[in-house]
Every structure is written in structure tokens, then in C-alpha cells.
Protein chains: 2
Amino acid sequence: MQMDDRKLKILQAVIADYISTAQPIGSRTIAKKYKLGISSATIRNEMSDLEEMGYLEQPHTSAGRIPSERGYRLYVDRLMQIRNLSRREQEIIVRELGDRIDEIESIIRKTARILSQLTRYTSLVMNSHISGSRLRHIHFVPIDTNSLVAVIVTDTGIVKNTIIKTADPVSPEYLESLTRAANDKFAGITIGELNRCTESEDYKRLVYRYSLLDTLIPLLAESLNTSRGGDVYADGMSNIFNFPEYSDVNKAKNLLALIEEKEQLMSILNRMGSGKGVMISIGSELDNNCIKDCSLVTATYRAGENEIGRIGIIGPTRMEYDRVVAVLEFITDYLTGMVERQLEE
Amino acid sequence: MQMDDRKLKILQAVIADYISTAQPIGSRTIAKKYKLGISSATIRNEMSDLEEMGYLEQPHTSAGRIPSERGYRLYVDRLMQIRNLSRREQEIIVRELGDRIDEIESIIRKTARILSQLTRYTSLVMNSHISGSRLRHIHFVPIDTNSLVAVIVTDTGIVKNTIIKTADPVSPEYLESLTRAANDKFAGITIGELNRCTESEDYKRLVYRYSLLDTLIPLLAESLNTSRGGDVYADGMSNIFNFPEYSDVNKAKNLLALIEEKEQLMSILNRMGSGKGVMISIGSELDNNCIKDCSLVTATYRAGENEIGRIGIIGPTRMEYDRVVAVLEFITDYLTGMVERQLEE
DNA sequence: GTTAGCACTCTCCTTTATAGAGTGCTAACC
DNA sequence: GGTTAGCACTCTATAAAGGAGAGTGCTAAC
């Protein structure tokens with residue numbers, strides 16, 4: 001069987017209609033609604049072909065057709081036209097996100113919120129492992145005699161603090177001097193290198209002078225790796241009830257439970273490629289039973305080479321891909337721009 | 001009509017049964033199941049009395065009875081026996097929460113997670129306005145020539161950092177000196193006082209020496225007030241599907257949407273009293289239409305006089321109040337203890 | 001005051017009937 | 001040969017009807 005232009009037009013019509021109505025669509029409706037200049041009978045024949053080719057399916061005999069996963073795949077790969085965001089939408093994003101680097105925590109939240117508000121789907125935001133980003137600054141701030149907070153600023157604009165208790169009392173002067181020494185030594189290296197540097201001669205010499213360092217650095221490295229390598233944040237969960245596919249309580253529960261399960265969510269997000277631009281996974285492509293009739297659209301934002309984080313939208317396979325892709329592209333561009341402006345300074 | 005012991009026993013039986021089954025319960029069932037030594041006909045009469053008194057209601061004639069809000073109120077005030085947590089549950093809490101003061105962010109999350117896991121309801125955790133807590137330490141850390149991060153540690157163990165960009169370049173030495181001056185001046189005052197101190201003569205003298213301070217302090221005060229005065233975190237949202245009362249998708253949606261609406265959630269949490277111990281609001285007592293058939297159980301944890309935060313459980317009015325109260329009490333005690341140990345040091 | 005008995009009520013579930021939408025096939029048409 | 005009209009057939013969704021079951025309220029007896 002040959003795919004031709006007319007078939008594509010019909011497929012597009014079915015997908016467009018189904019995305020907006022969630023109802024199986026029949027040949028007569030297409031003929032009336034989409035003025036393709038052919039009769040319903042012809043459309044019927046073409047649809048039958050499209051079904052045979054795997055792009056459409058029937059919920060049951062004598063219902064209309066709905067797109068199959070393969071149909072959506074063809075649509076997002078070849079048919080879909082990415083809409084531009086309206087001026088108003090762009091303004092909302094710029095206003096809400098602001099233009100200053102903030103605590104990573106707060107950017108994540110704002111981004112998640114905007115994403116879900118603009119798309120009306122559930123949004124996911126994750127910040128990646130930061131093992132590739134570089135230490136710009138490290139500072140040890142005394143709290144009291146036996147505790148201090150280590151403040152770390154990376155070149156990607158992330159600020160992270162870790163509270164550390166020490167066995168022996170430390171003086172503020174000691175910490176000041178330690179801060180200076182640590183900056184001299186560590187500024188510019190990556191978080192990953194920080195992990196490994198405890199072997200080096202240089203490091204050992206420094207520990208000789210500042211014995212505290214030997215407890216601090218491993219603690220820091222650990223805290224940077226675990227806690228920052230895994231923040232996922234979701235917003236707009238209640239949006240899933242906008243879609244009839246989740247009027248079945250069990251389906252809704254499954255999806256929500258998965259979204260609350262940060263670990264799993266992360267692994268799914270990480271499994272998505274991290275190529276340039278927006279990635280789309282449809283239904284079973286996600287390879288997870290709980291969301292086998294969901295689609296996930298993600299995008300990565302980065303600073304230079306380094307992946308900083310990923311943002312995404314999860315929703316029914318019948319998703320407004322064109323809109324979602326447009327929003328994601330705009331926001332990743334914006335975030336990337338923000339980080340880059342930060343780097344230039 | 002007089003409330004007597006037998007009526008109370010029957011009421012208790014109805015409530016206990018309804019809490020576990022979510023089914024209206026009839027006189028025959030009570031007679032069989034709860035061996036009160038009286039016949040179903042007698043129970044029928046008593047239940048009729050209890051309904052007249054407003055403690056029970058009938059979904060429709062010839063269904064069994066269910067507790068009314070007033071019934072629950074009587075139950076939680078007089079009938080309920082608070083169970084102790086099992087050894088195992090206590091261990092889970094202690095293990096998961098750990099015993100070190102961490103970033104506030106992370107404590108909130110952990111607490112929310114444990115609460116929802118132990119109770120199987122949706123948990124809410126909020127940290128209160130910190131205007132009453134005292135500055136223990138303030139530190140200005142340079143990032144680059146035109147930006148710095150202000151790290152603030154309060155006596156309640158909260159660590160908060162704020163990134164600030166400056167119009168004019170600042171040197172690390174300047175910041176060091178500023179840090180010393182600011183600590184001399186501000187250590188020990190409350191966040192609320194920090195807001196107001198910009199009027200004082202002392203402050204003006206300091207600004208004369210460190211002009212940067214005049215932009216820093218207002219920014220800090222604002223960031224401490226807004227961002228920290230309003231973090232709410234919810235976990236276990238998907239738990240609401242464990243309850244048949246939310247098998248109606250619309251109800252589930254309403255509740256979830258409310259929970260995602262931080263502003264509203266906060267105002268509801270704040271409206272709950274902050275007395276010692278656990279507070280319970282049942283149904284319409286919450287005075288919010290979206291959750292008019294929910295109950296909210298909250299507890300406040302504090303450091304000395306200062307309220308640090310509130311934790312709570314939201315679920316159907318048919319809630320396992322005894323269990324929930326026990327869990328909340330244990331966790332607030334634990335959190336309070338943690339903070340107090342921190343203060344002593 | 002308590003209880004057995006019974007008629008009555010109301011919901012919930014199943015069964016049955018019907019309308020509606022859509023298909024596939026056949027035969028006619030350009 | 002592709003396209004179209006017509007029609008029988010299929011399947012779902014919705015409404016209506018008919019019990020079964022659970023529970024009540026009332027009365028009369030204990």
C-alpha cells in the first residue's frame with residue numbers, strides 16, 4: 001500500500017479532530033467538516049487503508065476511527081506544524097520567570113507552574129546531575145561553634161547550601177581562612193572532579209593544613225551528588241481531570257501515583273534522549289505500563305555543553321503536540337538564555 | 001432528649017463502622033457485629049433518637065445511618081481514644097527524619113512523605129512566617145563582580161539564601177567587611193525587626209559606611225517575608241483515590257485543584273488555631289466549599305514561643321482520627337525536639 | 001423499657017428495548 | 001479504474017422496567 005497526499009490529509013484530519021474532541025471520528029464527519037472534495041465513501045476506503053497500514057484503529061466495529069500510536073508518530077514527525085506562541089503567552093512567560101537567576105528551587109517551581117498553566121497539562125521539571133558544572137565559589141559560614149553551612153555557587157547559577165556539624169569546635173577565623181584556601185584550590189573544577197580530587201597530592205597537602213577539609217569535602221560531594229542530582233517537580237496534576245481519558249478513577253490514580261514517585265519519574269525523564277530540541281515519546285514508547293496511554297514531551301536546557309535540567313509535559317497520547325512543543329521550545333530557550341547571560345558576566 | 005451511655009456506645013459503633021467501611025450502617029448490623037446486648041429494634045429506636053439529636057443522618061429513607069459532622073465532632077472531642085504508634089511506626093519516623101537539622105526544604109519534604117505514607121491520606125506541610133525567629137548569622141558571599149548571595153541562618157535552624165545583583169561592582173573584601181558589620185548589628189534581632197530597623201539612627205549610620213546595605217536589607221527582608229512565609233508542600237495526593245468518596249472524578253478534581261493552589265491552602269491552614277496539640281476541623285467547619293466534606297487535622301511545631309510550621313492531614317470526614325492524631329502528635333514532638341536540641345548547642 | 005413481626009420505602013443491579021452512528025460491500029457512474 | 005450512492009449490518013450508549021435486598025418505622029406483645 002502506498003501513502004499518498006490524500007491519505008495524509010485524511011490522517012491529519014482524524015488526528016486534529018480526535019485531539020480536540022476525544023471522540024472516534026467517522027468518514028461522514030470528515031467529509032462534512034474538512035471539505036476535502038471527496039465523498040464519505042471514498043474517505044471510508046482510504047480510512048480502511050490507513051487502518052490496514054497501522055495509522056488508525058477502531059475502538060470497535062462501527063465506531064469511528066482514532067489515531068494509533070503509529071499515527072501520532074507520523075503526525076509529530078512529518079505532519080505537525082509548530083505554532084508560534086502568541087505575544088500574550090510569551091509575555092506571561094517572561095513576566096513570571098523574570099530575568100534573574102534565582103535559587104534553583106524557585107526557578108523550578110515557577111517553570112513548572114507556568115508550563116502547566118499555559119498548556120493545561122501536567123508539567124514536570126527536573127534538574128539534572130550537576131557533576132559537569134563548575135564550582136565558581138565555595139564559602140564556609142559559621143553557624144555556631146560546632147556547625148557551619150557550606151554555600152556553593154556553580155557556574156550554572158545554582159546555589160546550594162549544606163549544613164554540616166563538626167566534631168570539634170571551629171572558629172570563624174579558621175573558616176574564613178579555610179574559605180580562602182578552598183577557593184584557591186577548588187574554584188573552576190567540576191563537581192565530578194571534586195569527588196575524585198581527594199586522591200590528589202595537592203589535596204592531601206591542603207588537608208595537612210586544614211584537617212577539617214577531610215570531613216567537609218566528602219560530605220559536600222555527597223550532598224551535591226545525591227540531593228541535587230534528583231529533583232523532580234510536578235505541577236498541574238489536577239489538570240489530568242480535564243481529559244475524559246482519566247474519568248476512569250483507576251487510570252487517574254495510576255498516573256498520579258507515578259508522578260508522585262520521584263524515583264521512577266526521574267528514570268523515565270532520563271530515558272528520554274537529551275538531543276537538541278524537543279523529544280516526544282508516545283504511549284508504549286515510554287515503556288512503562290502505568291503510562292502506556294500517555295505521551296511525554298520533553299526538552300533539555302543547558303549551559304554550554306552541560307545539561308542543567310529537563311522540562312516536560314505529560315498527558316494523554318491525544319495531546320496538542322504542536323502547542324506543547326512550542327511552549328517547551330520557548331521556555332528552554334529562555335532558560336538557556338538566562339543561564340548564558342549569567343555566564344557572560 | 002438525654003444523651004446516655006448506651007447512645008454513646010451506639011454512636012461509637014456507627015462511627016467506627018462507617019470509618020472503616022464507608023457504608024451506611026443499619027440497626028441489625030450493629031446488633032450482630034457489636035454485641036451490645038440489646039436487640040436491633042432497641043438500637044433502631046436509639047438511632048432514631050441520635051438522628052433527632054443531630055449526631056446521625058440518613059442518606060435516604062431505608063438506608064442505614066451515617067455519622068453527621070456533629071457526630072464526628074462529639075467523637076473526636078469525647079469518644080475517641082488516641083492510639084499509640086506502634087514501635088515499627090515510630091522507628092520509621094525516626095529513621096526517615098534523621099536527627100540533624102537540614103535545609104528546611106528537605107525537612108518539609110521528608111515530613112510530608114512520611115505523613116502520607118503512614119496515614120495513607122494526603123499530607124500537608126507548611127512552614128510559617130518566620131518573622132518571629134531571630135537572625136543568628138548573616139553572611140554575604142561574593143559570586144562575581146556584580147552579584148552576591150546573602151546567606152541567613154536563623155535560630156530556628158532555617159537556612160535561606162538570596163541571590164542579589166548589584167548595580168555597582170563590589171569586591172570580596174568589601175563584602176567581608178560588610179558581613180562583619182552586619183553581624184555585629186543584626187545578629188539576635190528578629191526578622192520582623194529587620195523589616196522595621198531601616199528607620200533607626202543606628203542603621204542610618206551603618207548605611208553611611210556601607211551604602212550597599214540600603215539596597216540589600218530591603219531585598220532581604222522582602223525575600224524572607226514572602227518566600228519563606230509561604231511554603232506549603234503536599235504529598236500523597238494520589239491517596240485520595242483510596243477512598244470511595246472520591247470515586248466521583250469531579251470531587252477528586254476539586255480537592256486536588258485546591259491542594260495545588262498554595263495560596264488558598266495556606267489560608268486554610270492558617271485559619272486553623274495554633275494552640276498546643278492537634279486541631280481538628282470537620283467538613284463545613286473548614287468554611288470552604290471545595291472541601292466541605294473533608295476533614296483537616298493539623299498540628300503546630302515550634303521552637304520555644306515561635307511557631308515554625310504546621311503539618312496536617314486532609315481526607316474525607318470519615319477519617320481515622322485516632323490514628324492520624326497519634327501520628328501528628330508524634331511527629332510534631334519529634335520536630336520540636338529536633339529544633340530544641342539545635343537551640344541548646 | 002424491650003423485642004418480634006411486618007408492611008413499606010428506597011437504592012442498586014440486571015435485563016430489555018431502542019435510537020444512532022458508522023462501517024463494509026455492492027452496483028452504478030464518470 | 002477510481003469515485004460515489006445506497007443499504008444491510010454491527011455495535012454502543014441510553015433509557016425504561018423489573019426485581020432483590022437492606023433498612024426503617026410502627027404496632028402489639030412480652
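Chain identifiers are assigned alphabetically (A, B, ...) following the order of the sequence lines, protein sequences preceding nucleic acid strands; residue numbering begins at 1 within each chain.
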With heavy atoms under 4.0 Å as the rule, sort [X] into base, sugar-phosphate or nothing.
{"X": "A:Thr29", "value": "sugar-phosphate"}
{"X": "A:Ser27", "value": "sugar-phosphate"}
{"X": "B:Arg28", "value": "nothing"}

Once you round it to whole Å, what is the distance between [atom2] of [N] and [atom1] of [X]?
{"X": "B:Asp49", "N": "D:dG25", "atom1": "CG", "atom2": "P", "answer": "10 Å"}
{"X": "B:Glu52", "N": "D:dT24", "atom1": "CD", "atom2": "P", "answer": "16 Å"}
{"X": "B:Ile43", "N": "D:dC26", "atom1": "CD1", "atom2": "C1'", "answer": "18 Å"}
{"X": "B:Arg65", "N": "C:dT9", "atom1": "CZ", "atom2": "C1'", "answer": "13 Å"}
{"X": "A:Ile30", "N": "C:dG22", "atom1": "CD1", "atom2": "P", "answer": "10 Å"}
{"X": "A:Gln58", "N": "C:dA21", "atom1": "CD", "atom2": "C1'", "answer": "12 Å"}
{"X": "A:Ile38", "N": "C:dC30", "atom1": "CD1", "atom2": "P", "answer": "19 Å"}
{"X": "B:Ile25", "N": "D:dG21", "atom1": "CD1", "atom2": "P", "answer": "20 Å"}

When you get a sec, tell me which of [options] is the closest nucleotide to the side chain of [X]?
{"X": "B:Arg44", "options": "D:dT24, C:dT3, C:dG24", "answer": "D:dT24"}
{"X": "A:Ala41", "options": "C:dG22, D:dA5, D:dT3", "answer": "D:dA5"}
{"X": "A:Met47", "options": "D:dA22, C:dT3, C:dT23", "answer": "C:dT23"}

Output field: ring centroids A:Tyr75/A:Tyr55 closer than 6.0 Å:
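Ring centres of A:Tyr55 and A:Tyr75 not closer than 6.0 Å.
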Atom CZ of residue position B:Arg120 - does it have more than 12 heavy atoms of other residues, nucleotides or ligands inside 6.0 Å?
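No, the 6.0 Å shell around CZ holds no more than 12 heavy atoms from other groups.
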Is there a Watson-Crick or G-U wobble partner for D:dA28 with both distances under 3.5 Å, and if so, which one is it?
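Partner of D:dA28: C:dT3.
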Is it the case that the side chain of A:Ser123 and the backbone of A:Ala112 share a donor-acceptor pair, with hydrogens and angles ignored and the cut-off at 3.5 Å?
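The answer is yes, because a donor-acceptor pair under 3.5 Å joins these two groups.
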Side chain of B:Arg310, backbone of B:Met272: donor and acceptor closer than 3.5 Å?
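Yes.
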Apply salt bridge (Lys or Arg N to Asp or Glu O under 4.0 Å) to B:Arg83 and B:Glu89, showing your working.
CA-CA 12 Å; B:Arg83 303 188 215 166; B:Glu89 290 170 317; over 6 Å; no
Closest-nucleotide mapping onto DNA chain C: is B:Ser62 or B:Gly37 further toward the 5' terminus? I mean the 5' end.
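Comparing both residues, the 5'-ward one is B:Gly37.
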Could you check B:His60 against B:Asn45 and say which one's nearest nucleotide on DNA chain C is further toward the 5' end?
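Going by which nucleotide is closer to the 5' end, it is B:Asn45.
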Would one find a side-chain N or O of B:Ser39 under 4.0 angstrom from OP1 or OP2 of C:dT3?
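Indeed, a polar side-chain atom of B:Ser39 lies that close.
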